[in-house]
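Presented below is the structure to which this report refers.
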Amino acid sequence: DRNGKLRPPCSRWRRWRSSYDGLQGIRRKPAGHGSITMDQVAGELVIRVTAMPTDLNPYGGVFGGWLMSQLALGAASLVTRRTGLKAVVVGATDFSFPGAMQVGDELNVYADVIRTGRTSLTVVTRGFGRARASEDQVEVAKGTFTFVALDAADRPSAIPVQAMVV
C-alpha cells in the first residue's frame, strides 16, 4: 500500500482460496472404478484416445471441454460415414459428466443414431474412461448432437436412403 506496509489479501481472495481448498478434497470416482462391460455399451466405437497432460483442467482432472470435443468428433465421424456427406453440428444438448478421468486414462467414445430427419441426424454419444492398467470402464461423459448434412455448395442436403437403414 502507500505507507510501504503489506496488506493482507482482500476478502474476495480469501473466499476464493477457501472454496478452492474445499474442492481439493472432492474427487469423483476415477476411471476403472464401478466397471462397465463392453456388453453394456450401446452404439458403435468411433474414437479411442488417451488423455494427455495438455487435456487437464487447473484441478488436475481431464477438462470437460476436451471430453465434449471428443464426443462431437466421434459423432461427426459416424454421421459422415453413414451419409457420405459433409455434416455440421447444429445442436448439442443433454451433456453430463458422471465420472472423471486422469492423465493416461483411455477414452472410448461410442455413438448411435437415434433420429433421422430429411436433412438431419441426431446422435447420442457416450464416453467411457479406462484406467491405463485396467480393463474396467466407467462412464465419464455423455451428450446428444444434431447434425445437418450438406451438399457440395454447403446447403442442406437430403439424407441418402441407405444412411437411414442402420
Please give me the minimum heavy-atom distance between [X] and [Y], naming the atom from each residue.
X: R48; Y: N108; answer: NE-OD1, 2.6 Å
X: L71; Y: G143; answer: CD1-N, 4.1 Å
X: A141; Y: F97; answer: CB-CD2, 3.8 Å
X: A51; Y: M101; answer: CB-CE, 4.0 Å
X: K86; Y: D154; answer: NZ-OD1, 2.8 Å
X: A149; Y: I159; answer: CB-CD1, 3.7 Å

Give, for atom [atom1] of [X] and atom [atom2] of [Y], the distance between the pair rounded to the nearest 0.5 Å.
X: I47; Y: E106; atom1: CD1; atom2: CD; value: 12.0 Å
X: N57; Y: W66; atom1: CG; atom2: CH2; value: 12.5 Å
X: F128; Y: L107; atom1: CZ; atom2: CG; value: 10.0 Å
X: T83; Y: L121; atom1: OG1; atom2: CG; value: 7.0 Å

Report the residues that fulfil side chain to side chain contact (heavy atoms under 4.5 Å, CB included) with A111, sequence neighbours left out, ordered by chain and then residue number.
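Only V46, L78, V123, T125 meet the side chain to side chain contact (heavy atoms under 4.5 Å, CB included) criterion with A111.
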Listed partners of S96 passing side chain to side chain contact (heavy atoms under 4.5 Å, CB included), at least two apart
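For S96 the side chain to side chain contact (heavy atoms under 4.5 Å, CB included) partners, ignoring immediate neighbours, are P98, K142.
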Please determine whether side-chain contact (heavy atoms from CB on, under 4.5 Å) holds for the pair V138 and V140, giving the CA-CA distance in whole Å, both sets of side-chain angles, and the decisive distance to 0.1 Å.
CA-CA 6 Å; V138 65; V140 294; 4.1 Å; yes
What pairs meet the salt bridge (Lys or Arg N to Asp or Glu O under 4.0 Å) rule with one or both residues in residues 61-72, with sequence neighbours excluded?
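Residue pairs passing salt bridge (Lys or Arg N to Asp or Glu O under 4.0 Å), neighbours aside: none found.
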Residue pairs involving residues 54-81 (criterion salt bridge (Lys or Arg N to Asp or Glu O under 4.0 Å); sequence neighbours excluded):
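Output for this query lists E44-R81.
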Could you work out the complete set of other residues in the hydrophobic cluster of V148, with links drawn between I, L, V, M, F, W and Y side chains under 4.5 Å apart?
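Its cluster partners, ordered by chain and number, are V88, V90, L150.
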Hydrophobic cluster partners of I114 (side-chain heavy atoms under 4.5 Å):
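Reading the cluster by chain and number, I114 sits alongside V124.
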Within residues 137-158 or reaching into it, pairs that qualify as ring-ring contact (aromatic ring centres under 6.0 Å, His included) - sequence neighbours excluded
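Only F95-F145 qualify under ring-ring contact (aromatic ring centres under 6.0 Å, His included).
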Which residues share a side-chain hydrogen bond (donor to acceptor under 3.5 Å, both in side chains) with S120, sequence neighbours left out
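By the side-chain hydrogen bond (donor to acceptor under 3.5 Å, both in side chains) rule, S120 matches R115.
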Which residues satisfy the side-chain hydrogen bond (donor to acceptor under 3.5 Å, both in side chains) test with D94, sequence neighbours excluded?
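Here no residue qualifies.
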Looking only at atom types and distance, does a side-chain atom of T80 sit under 3.5 Å from a main-chain N or O of S77, one as donor and one as acceptor?
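No; zero donor-acceptor contacts below 3.5 Å.
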Go through the steps to decide whether T50 and R132 satisfy the test side-chain contact (heavy atoms from CB on, under 4.5 Å), and finish with yes or no.
CA-CA 9 Å; T50 301; R132 194 164 190 72; 4.1 Å; yes
Would a hydrophobic clustering, with Ile, Leu, Val, Met, Phe, Trp and Tyr connected at side-chain separations under 4.5 Å, put V89 with L67?
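As far as the 4.5 Å side-chain criterion goes, L67 and V89 are connected within one cluster.
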